[in-house]
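Heads up, the thing below is written out as structure tokens.
Keep in mind that what you see is a predicted model, and the values were worked out from it rather than measured. Within every chain, numbering begins at 1; the chains are lettered A, B, ... in the order of the sequence lines, protein sequences first and strands thereafter.
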Amino acid sequence: MARYEPKTAEPRQQARWAQANAFVTRDTGRPKYYVLEMFPYPSGNIHMGHARNYVMGDVVARSKRAQGFDVLHPMGWDAFGMPAENAAMERGIHPKGWTYSNIATMREQLKLLGLSLDWSREFATCDPEYYGKQQAWFLELYRRGLVYRKDGVVNWDPVDNTVLANEQVIDGRGWRSGAVVEKRKLNQWFLRITDYADDLIEGLKTLDRWPEKVRLMQENWIGRSKGLQMTWAFAGPAPEGFDAGVEIYTTRPDTLFGASFLGLAPDHPLSKQLAEADPRVAEFVAKCREGGTSQADIEQAEKIGWDTGLKVRHPFTGADVPVWIANFILSEYGTGAIFACPAHDQRDLDFARKYDLPVIPVVRPEGAGDDFAVDDEAYVGPGTIFHSDFLDGLDIEAAKAEAVRRVEAAGTGQGATIYRLRDWGVSRQRYWGCPIPIIHCPSCGPVEVPADQLPVELPEDVTFDTPGNPLDRHPTWKHVKCPSCGAEATRETDTLDTFVDSSWYFARFTDPKAAQPIDKAAADRWLPVDQYIGGVEHAVLHLLYARFVTRALSDAGLMDVKEPFAGLFTQGMVVHETYRRPDGQWVEPTDVELSNDGGVRSARQRSTGETLTIGDIEKMSKSKKNVVAPAEILESHGVDAGRLFVLSDSPPERDVQWTPGGVEGASRFVQRAWSLFDAYDPAFAGEDKANADLLRETHKAVKAVSEGVEGFRFNSAIAKLYAFVATIRDNDKAGGEARRQALSALARLIAPFTPHLAEECWSRLGEDGMVLDAPWPVWDAALAADDEVVLPIQINGKRRAEIRVARGMEPSAVEALVLADETVKARLEGLSVKKIVVVKDRIVNLVAG
RNA sequence: GCGGGCGUGGCGAAACUGGUAGACGCAACGGACUUAAAAUCCGUCGGGCGCAAGCCCUUGCCGGUUCGACCCCGGCCGCCCGCACCA
């Protein structure tokens, strides 16, 4: 009996696949299936989280291929971004060289995993060929009015004189300089994603193969709310420029009669104007800007306000209402001004109590009388409107409608829908990104780079020894003639947010060499992606941007699909125990061994007798040193065991804990499975009964594994495979056709998980081609069912006996048998049966008393 | 605060639509093989009582619906994730 040797078998099969060009996409007119895993950032190494992600995709790709689909399963690189610039700054390496060298390393690492990827379609987003096409469609959207310029706020590091990304701001300070970061306004490019806000919400309803959680997160992120936008006129002279009054937004027009004050955000234009005129107001507004922006700070921040002394007139009662500036009002949401109804809004109530402003209840809960009052807790529940003139007696929804109707009739406002979602600021003051293909001309303004001059390529002779954008200080790159008038002009030196790069790559994969950004025929053939797989951390930004860009490009005629990803699966992480020395230093798993007292110790520090503390189980990370590299596993147990383990121990959406024992278990399975094939003797005919049993077990296994794979329950599917292997092994009286069928099915069922092993097994069976191209086994429901079933017999809900009957036996017949059963009779001694429940082929329950 | 998810052996977990709770794996323990170890194979493995047949308890807690509840409903407790002064 020969041991299975992954070290020789795996390279052998990979060479075979390579030789046959086995993974080049077939387009033969059969139904298509597009499987895509979120492409990686080329950080330098493939880690276990990548591996799990791609193995899941590979299981889908291989099983769909076996089921007869034309499968598209490409891979590429999300290659622009800051780490490359950081490497340039820290180590003097050019971002381009660093990135492409990482890609080369990671490509080789990925290839070792035996993934069925079509490498002929590979590209990196930093290839000029790719980003040039991106520039082309960017200009198309520009012409369509979906791209525009306005002032946007950036994080500015005053010491390094540079713009910082949000992740470079730590506790309000620049990560490199440590200087307190300022907010600065810069003229920047935006994509009009808000044009699609409604459509992006509506589209979520069609995504029935997305996790509910992700759909909710997107819906909340877009944050649509319906309400009333209206203007409150000043009582008395209006401040200059505010003759019409102050415009507010509310979702609670039903509570207008409970208005107690009008609130302005500190950044509201009127607040600013007042601050310019009065230093005390300026001081107050400045005070509002103080304090951290962390969650804890916001939670604890006390509400503070400033009475402007101004009064506005209540739209219904005509009463004077004071205008306050308040720190809890957001300038970016709605109109930056509100009317406050303290009785029915907790924030307003806190504020009103502090500044002794009126609290007027106008919604009465059921059962409460006209004396209903609130103390320190605002009433936000359902009820009936009171103290509200013409709204009295209405419920909340009716009152909202009526209030809006009245305001609209008076001409001072209208019903309005607003969104939390802002337009997408895509300008980055960085080098390593896609250049924005615009030329600024002093007389013509922003001018498109003509199509024949695309791509606008990044210059390579740049330096990173000073902070700021190298494109901006490059001696020649930005100086060009205006394409429109020929005058001296300058290029835009901002580059695009890398989320733009990843918002359409799935479409480019359908024909990565196309002259157009997207080949319409190819996109029509392959899109949408049938199964997209990646981390939940992209639930909002990447997935929302991709949905938006897909709509925009489809509206521009580049393709014809609304939703890019028909199915989405968000997989869990690979986690590992952490280990620390007494001095707090982290210790790598490879350096950890069991000590004599049952604890763990560092192998390298064995002599000191020092014990390690086992810490939390956390995501594998360099900082905690709890990393196991995929390469280590290939070396020790082989790819297949590793592939099997990352899917076997937990449901795919949940985190899986990497343990050495777990991989060994997977490795043992590989050996056990192989030994069945290795010992296969076609000449052994077997015994009839055993053959029939094995045949039935085969159909059962095919059914269970197929359903597990289809339903993304890979852990359950693998458990069934383990059980099936045990069944075949234990059933040593079975041979002949039954055994051949069992092994044939087994080889095909394990193929998506352990493809190298499966090929070896397939060959051992004497099959000619590759298991890769063998059809997925089918099961026969009749053959998969047992002839006899064991029915548990419950008496008063407790299991007391069991009975073996023919499958499908009618309840009346079962009933007779049960009542005749000796055990049951003994049990029923002295009791009378009141009711008998028989569920066919399932269970019997006797109710007796 | 709002929204979502989860709670099952020593551990990771399974249980299709309400029908034998704990499949499969890990760890542990016992045994076989071996001079020995590793590897492999066989067996035990939720808790309690019992010589045994068997009985009782057990899916975070309390209650409900049902012939029957890990599953459905109500209420609590705990953990995780997302958003968050969004009017």
Inset, instruction - Taking only the side-chain nitrogens and oxygens of A/K798, find out if one of them lies under 4.0 Å from OP1 or OP2 of B/C57. - result: yes
Inset, instruction - Counting heavy atoms from C-beta on, name the nucleotide in B/A87, B/C24, B/C83 closest to the side chain of A/W221. - result: B/C83
Inset, instruction - Establish, for the pair A/K303 and A/F351, whether the NZ or CZ atom is under 6.0 angstrom from the six-membered ring centre and no further than 45 degrees off its axis. - result: no
Legend entry - Value in whole Å for how far the P atom of B/C2 lies from CG of A/N220: 14 Å
Inset, instruction - Answer with base, sugar-phosphate or nothing: what part of the nucleic acid does A/I329 contact at a heavy-atom distance below 4.0 Å? - result: base
Legend entry - A/E377 atom CD, over 12 foreign heavy atoms within 6.0 Å: no
Inset, instruction - Classify the side-chain pair A/Q571/A/R654 by whether it contains a donor and acceptor separated by less than 3.5 Å. - result: no
Legend entry - B/G46 and B/G60, which share atom name C1', separated by this distance in whole Å: 16 Å
Inset, instruction - With heavy atoms under 4.0 Å as the rule, sort A/R420 into base, sugar-phosphate or nothing. - result: base
Legend entry - First of A/E802 and A/F645 reached from the 5' end of RNA chain B, by closest nucleotide: A/E802
Inset, instruction - Determine, for A/K7 against A/E635, whether the closest basic-nitrogen to carboxylate-oxygen distance falls under 4.0 angstrom. - result: yes
Legend entry - Of A/R654 and A/L330, the one whose closest RNA chain B nucleotide lies more 5': A/R654
Inset, instruction - Would you indicate what A/G223 reaches in the nucleic acid, counting non-hydrogen atoms under 4.0 angstrom: base, sugar-phosphate, or nothing? - result: nothing
Inset, instruction - Grab the CE-P distance between A/M217 and B/A84 for me, whole Å please. - result: 10 Å
Inset, instruction - Return yes if the base of B/C67 and the side-chain atoms of A/K834 contain a donor-acceptor N/O pair under 3.5 Å, otherwise no. - result: no
Inset, instruction - Scan every strand shown for a Watson-Crick or G-U wobble partner of B/G78, both distances under 3.5 Å, and answer none if you come up empty. - result: B/C6
Legend entry - Strand partner of B/G30, provided both Watson-Crick or wobble distances fall under 3.5 Å: B/C42
Inset, instruction - Check every atom of B/C67, B/A14, B/A87 against the side chain of A/T250 and return the nucleotide holding the closest atom. - result: B/A87
Inset, instruction - Report which part of the nucleic acid A/R729 touches: base, sugar-phosphate, or nothing (heavy-atom distance under 4.0 Å, all strands). - result: sugar-phosphate
Legend entry - No-H, no-angle donor-acceptor pair, A/R668 side chain to B/C26 base, under 3.5 Å: no
Inset, instruction - Answer with base, sugar-phosphate or nothing: what part of the nucleic acid does A/N715 contact at a heavy-atom distance below 4.0 Å? - result: sugar-phosphate
Legend entry - Pair partner, B/C11 [Watson-Crick or wobble, under 3.5 Å]: B/G25
Inset, instruction - Send over the distance from A/Y4 OH to B/A39 P, rounded to a whole Å. - result: 21 Å
Inset, instruction - Tell me yes or no: between the side chains of A/D423 and A/T194, is some donor less than 3.5 Å from an acceptor? - result: yes
Legend entry - Per A/R842 side chain, nearest of listed nucleotides B/C55, B/A39, B/G19: B/G19
Inset, instruction - Identify whether the glycosidic angle of B/G9 places it syn (within 90° of 0) or anti. - result: syn
Inset, instruction - Would you mind telling me which of B/A87, B/G19, B/G3 lies closest to the side-chain atoms of A/Y333? - result: B/A87
Inset, instruction - Just call it for A/R800: base, sugar-phosphate, or nothing, with non-hydrogen atoms closer than 4.0 Å on any strand. - result: sugar-phosphate
Legend entry - Euclidean distance, atom CG of residue A/D267 to atom P of B/C85 [Å, nearest integer]: 14 Å
Legend entry - A/K226 atom NZ, neighbour heavy-atom count above 12 within 6.0 Å: no
Inset, instruction - Please tell me which of the listed nucleotides, B/C56, B/A21, B/A13, lies nearest to the side chain of A/S650? - result: B/A13
Legend entry - Candidates B/C24, B/C85, B/C55 - which lies nearest the side chain of A/R827: B/C55
Legend entry - Over 12 foreign heavy atoms within 6.0 Å of NZ, A/K720: no
Inset, instruction - Remember a base hit wins even if backbone is also touched, and classify A/K840 as base, sugar-phosphate or nothing at under 4.0 Å, heavy atoms. - result: nothing
Inset, instruction - Identify which nucleotide among B/C83, B/C16, B/G25 has an atom closest to any side-chain atom of A/D649, counting heavy atoms from C-beta outward. - result: B/G25
Inset, instruction - Using a 4.0 Å heavy-atom cut-off across all strands, classify A/T659 as base, sugar-phosphate, or nothing. - result: nothing
Inset, instruction - From the options B/A27, B/A87, B/C24, select the nucleotide whose nearest atom is closest to the side chain of A/S225. - result: B/A87
Inset, instruction - Give the rounded distance in Å between these two atoms: CZ of A/R799 and P of B/U20. - result: 10 Å
Inset, instruction - Kindly say whether A/R807 contributes a backbone atom to a donor-acceptor pair with the side chain of A/D841 at under 3.5 angstrom? - result: no
Legend entry - Nearest-angstrom distance from the residue atom CD1 of A/I396 to C1' of B/A87: 15 Å
Legend entry - Whole-angstrom distance between B/C16 and B/C11, as gauged at atom C1': 26 Å
Inset, instruction - Remember a base hit wins even if backbone is also touched, and classify A/G665 as base, sugar-phosphate or nothing at under 4.0 Å, heavy atoms. - result: sugar-phosphate
Legend entry - Span that lies between the P atom of B/G25 and that of B/A14, in whole angstrom: 15 Å
Inset, instruction - When you get a sec, tell me which of B/G19, B/C83, B/G54 is the closest nucleotide to the side chain of A/V839? - result: B/G19
Legend entry - Rounded distance in Å between the C1' positions of B/C70 and B/C26: 23 Å
Inset, instruction - Remember a base hit wins even if backbone is also touched, and classify A/R672 as base, sugar-phosphate or nothing at under 4.0 Å, heavy atoms. - result: sugar-phosphate
Inset, instruction - Considering only atom P, compute the distance from B/C85 to B/G5 and round it to an integer number of Å. - result: 24 Å
Inset, instruction - Verify, without hydrogens or angle tests, whether A/H344 (side chain) and A/Y379 (backbone) share a donor-acceptor contact under 3.5 angstrom. - result: yes
Inset, instruction - Measure from the side chain of A/K835, starting at C-beta and using heavy atoms only, and say which of B/A23, B/C67, B/U20 lies closest. - result: B/C67
Inset, instruction - State the pairing partner of B/C71; accept Watson-Crick or G-U wobble contacts with both distances under 3.5 Å, and report none otherwise. - result: none
Inset, instruction - Provide the Watson-Crick or G-U wobble partner of B/G1, both distances under 3.5 Å; none if there is no partner. - result: B/C83
Inset, instruction - Mark yes or no for whether A/N715, through its side chain, and A/D649, through its backbone, hold a donor-acceptor pair below 3.5 Å. - result: no
Inset, instruction - Could you give the distance separating B/C71 and B/G9 at their P atoms, to the nearest angstrom? - result: 15 Å
Legend entry - N/O (side chain, A/R713) to phosphate O (OP1/OP2, B/A23) under 4.0 Å: no
Inset, instruction - Assign A/L216 to base, sugar-phosphate, or nothing according to its heavy-atom contacts below 4.0 angstrom with the strands shown. - result: sugar-phosphate
Inset, instruction - Rounded to the nearest angstrom, tell me the gap between atom NZ in A/K619 and atom C1' in B/C81. - result: 14 Å
Legend entry - Rounded C1' spacing from B/U65 to B/A15 in Å: 22 Å
Legend entry - Euclidean distance for P, B/A87 against B/G64 (whole angstrom): 41 Å
Inset, instruction - Rounded off to whole Å, could you give me the CG-to-P distance for the A/L256 and B/A87 pair? - result: 16 Å
